[in-house]
Amino acid sequence: MSQTPQRITPRIFKGTRDFLPAAMIPREDILETIRGAFHRYGFAPLQTPAFEYLEILTGKSGGEADKLIYNLAYKGGDELALHYDLTVPLARVVAQYPDQLPLPFRRYQIQPVWRADRPQLRQGRFREFVQCDADIVGVDSTLADAEIIALTAGVLADLGFGSDQRRFVILVNDRRLLSALTAWAGLDPQTELAKVCRCLDKYDKVGRDGVEAEFDRERVPAEAVHRLLRLFDLGEAAGGAAAAEKLAALGRYAAELRPALDELAALFAALEALGVPDERWSFTPWLARGLDYYTGPIFESVLPAKPHIGSLTGGGRYDGLVGRFAKRDLPATGTTIGIDRIFAAMEQLGMITERPSRTRVLVADFGPETRSASLRLAAELRRAGIDTEVYLEEAKLGKQFKYADRLNIPLVALIGPEEAAAGTVDLKRLADGRQVSVAAEDSVDEVRNLLAG
RNA sequence: GUGGGAGUAGCUCAGUUGGUUAGAGCACCUGGUUGUGGCCCAGGAGGCCGUGGGUUCAAAUCCCAUCUUCCACCCCA
């Protein structure tokens, strides 16, 4: 071994992560659950490049998102960037292959995205993270929005979220309602909507007085603020009948809110018919969300017990986005399911069991004389669909057992000189120390038996 | 981008008013046990005390700078 004059410090860029097997295995399980839900709701897979032309990716939501895009150095004169989300690439794809994608197009997409903001681990916020998107393009019916919300509720329930500390709520609102409210308050939605959204959205954090102070700081006229704050008189958010009451109350405020309220009423009715339980969603009229390309219903899911994590999923209707790339505009709605947020939340709620290996059986090695018998056993177990690994060198049995123990491998199979001579296999279950000797031809059955017990 | 903490072994940390050779737990390796893991015992390896400068007879400890990192805000998944 030659001496290295200069060692390179092993490290990774802030906000990026390595997933070692113990964490990667539960992560894979979560992804599998999400993928299963996407399939069950009839979404088709899509993948797009990690980097694209910068001009495709920028300009979606004003300057805010653009600042967070990782630009790549000039390559042959082309300006490129890592994609910031999966929604813009979808809009491009829909515009680029109109003849190959029958509408309505339901697509899901699971890929990393990159954002140049400040990472915060505890909040599940990273510079590289994976988004699981489900979107429906080509339908402007609220039925599509309802499907997205039902899917979200289904995924979170499948992952084990539901009651007590694990309770989740999907907050639902509509940008058209916010716009109508802004107009009703005497402000011009064209110029003031973003500001109104920003202030209202803080309600859950700073309360009614905080929002009022925020409006004051933004120099919104007192008369307008008075009208806007009436939203909070409607009481705490809730789904089902409570949401319907809230719609009715808003309807009494002003007739110009009616169209938006009718849309929401249709959405809520669809949620009920799709079997989304009332306690899983909540009509939250002050929900605004940051991105300003939303044009209709908006939604995000949160864990009341873990407010610092922010939203686990978020989405809404964006009817103007495809039009950036195509002559013909297409309505679209969808959500992002943030697996990294979800993983962080599940970790903090004790829902993750680390697993360093998926192996079910370790076949020990006793040296050259019995090695082929051991390898034949491993091959047979594998043919039977049992995840099996062989120890790859002759070593003390203690060391081999310790290896199995460290990796949480439940069973060790032993074929030493005695077993080889007798044509048997010894199987030991580490959890309870039970060890049995079986004829070689019965080993698969006995392995299954021991793993089941 | 704005504000506040923290940097000592692979990880979590201790280290007294500056004072001999910088420690513990966990993890790792070896042995106790050449056919049996966890528990126990013995031993071993592993440190430019983040980096650079300053004060001092003497700095992990005091001062300055710098880098890194964590937390909160903004925004978001």
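Chain letters run A, B, ... following the sequence lines, proteins first and then strands; every chain starts at 1.
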At a heavy-atom distance below 4.0 Å, what parts of [range] sit against RNA chain B?
range                       : answer
residues 33-46 of chain A   : none
residues 116-124 of chain A : A:R118, A:Q120, A:L121, A:R122, A:Q123, A:G124
residues 349-368 of chain A : A:F366
residues 394-402 of chain A : A:K396, A:L397, A:G398, A:K399, A:F401, A:K402
residues 413-429 of chain A : A:L414, A:G416, A:P417, A:E418, A:E419, A:D426, A:K428

**Report entry** A:K14 side chain, from C-beta outward: closest of B:rU36, B:rC70, B:rC75
**Finding:**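 Side chain of A:K14 sits closest to B:rC70.
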In whole angstrom, give the distance that lies between atom [atom1] of [X] and atom [atom2] of [N].
X      : N      : atom1 : atom2 : value
A:E218 : B:rC74 : CD    : P     : 13 Å
A:L68  : B:rC74 : CG    : P     : 15 Å
A:R127 : B:rU68 : CZ    : C1'   : 12 Å
A:D85  : B:rA77 : CG    : P     : 8 Å
A:F13  : B:rU68 : CZ    : C1'   : 13 Å
A:R434 : B:rG37 : CZ    : C1'   : 18 Å
A:I69  : B:rA77 : CD1   : P     : 14 Å
A:D204 : B:rC75 : CG    : P     : 13 Å

Please name the pair of heavy atoms, one in [X] and one in [Y], separated by the smallest distance, quoted to 0.1 Å.
X      : Y      : answer
A:F43  : A:A134 : CE2-CB, 3.9 Å
A:I136 : A:V139 : CG2-CG2, 4.4 Å
A:L267 : A:P297 : CD2-CB, 4.1 Å

Between [N] and [M], how many Å separate the two [atom1] atoms, rounded to a whole number?
N      : M      : atom1 : value
B:rG19 : B:rG15 : C1'   : 14 Å
B:rC64 : B:rA6  : P     : 14 Å
B:rU12 : B:rU30 : C1'   : 25 Å
B:rC13 : B:rG50 : P     : 15 Å
B:rC62 : B:rG5  : P     : 16 Å
B:rG31 : B:rC70 : P     : 40 Å
B:rC29 : B:rG10 : P     : 16 Å
B:rG25 : B:rC48 : C1'   : 25 Å

Any luck finding a side-chain donor-acceptor pair between [X] and [Y] under 3.5 Å?
X      : Y      : answer
A:S301 : A:T313 : yes
A:D145 : A:T333 : yes
A:T336 : A:D133 : yes
A:D365 : A:Q400 : no
A:T33  : A:D158 : no

Query raised in the report: Given A:T48 and A:Q109, is the side chain to side chain donor-acceptor pair (under 3.5 Å) satisfied, shown in steps?
Result: CA-CA 9 Å; A:T48 61; A:Q109 191 166 355; 2.9 Å; yes
Query raised in the report: For A:Y70 and A:E128, what are the C-alpha separation, side-chain angles and deciding distance, and is it a side chain to side chain donor-acceptor pair (under 3.5 Å)?
Result: CA-CA 11 Å; A:Y70 274 113; A:E128 177 186 67; over 6 Å; no
Requested in this report: Remember a base hit wins even if backbone is also touched, and classify A:F126 as base, sugar-phosphate or nothing at under 4.0 Å, heavy atoms.
Outcome: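 Base: the residue A:F126, judged by heavy atoms under 4.0 Å, touches a nucleobase.
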Query raised in the report: Checking all strands, does A:A344 fall into the base, sugar-phosphate, or nothing category for heavy-atom contacts under 4.0 angstrom?
Result: nothing
Query raised in the report: Is it true that A:R176 and A:D174 make a salt bridge, defined as a side-chain N closer than 4.0 Å to a carboxylate O?
Result: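 Yes, charged N to carboxylate O under 4.0 Å.
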Query raised in the report: Do NZ/NE/NH1/NH2 and the carboxylate oxygens of A:R429 and A:D432 come within less than 4.0 Å?
Result: yes
Report summary line: With both pairing distances under 3.5 angstrom for Watson-Crick or G-U wobble, and | for a partner in another strand, the correct string for RNA chain B is (((((((..((((.....[...)))).(((((.......))))).....(((((..]....))))))))))))....
Query raised in the report: With centres under 5.5 Å and planes under 30° as the test, does A:F129 stack with B:rA77?
Result: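 Answer is yes, a stack.
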**Report entry** Face-on cation placement of A:R317 at A:Y294 ring, 6.0 Å and 45° thresholds
**Finding:**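 Relative to the ring axis of A:Y294, which defines the angle, A:R317 lies outside at least one limit.
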Query raised in the report: Does A:R106 make a cation-pi contact with A:Y41, if we ask for NZ or CZ under 6.0 Å from the ring centre and within 45° of the axis?
Result: no
Query raised in the report: Does the side chain to side chain donor-acceptor pair (under 3.5 Å) test come out yes or no for A:D135 and A:Y318, once each step is laid out?
Result: CA-CA 10 Å; A:D135 292 80; A:Y318 47 98; 2.6 Å; yes
Query raised in the report: For A:K402, does the NZ atom sit with more than 12 other heavy atoms under 6.0 Å from it, leaving out its own atoms?
Result: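 Open.
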**Report entry** Neighbour count above 12 (heavy atom, 6.0 Å) for A:E279 CD
**Finding:**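 For A:E279, atom CD is crowded (more than 12 foreign heavy atoms under 6.0 Å).
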**Report entry** Single hit among A:W114, A:F51, A:Y53 for ring pair (Phe, Tyr, Trp, His ring centres under 6.0 Å) with A:H83
**Finding:**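 So the option named by the test is A:W114.
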Query - Steps toward salt bridge (charged side-chain N to carboxylate O under 4.0 Å, His left out) verdict (A:R358, A:D29) - result: CA-CA 11 Å; A:R358 291 190 185 275; A:D29 291 345; 3.1 Å; yes
**Report entry** Step-by-step ring-ring contact (aromatic ring centres under 6.0 Å, His included) determination, A:F38 to A:Y108
**Finding:** CA-CA 7 Å; A:F38 286 165; A:Y108 76 87; 5.1 Å; yes
Query raised in the report: Of A:R198 and A:D405, whose closest RNA chain B nucleotide lies nearer the 5' terminus?
Result: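 Closer to the 5' end of RNA chain B: A:D405.
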Query raised in the report: Starting at the 5' end of RNA chain B, which residue's closest nucleotide do you reach first, A:G338 or A:Y403?
Result: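 Comparing both residues, the 5'-ward one is A:Y403.
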Requested in this report: May I have the step-by-step check of ring-ring contact (aromatic ring centres under 6.0 Å, His included) for A:W281 and A:F299, ending in yes or no?
Outcome: CA-CA 9 Å; A:W281 64 276; A:F299 24 84; over 10 Å; no
Requested in this report: Answer with yes or no whether A:R115 presents, from its side chain, a donor or acceptor under 3.5 Å of a partner atom in the base of B:rA77.
Outcome: yes
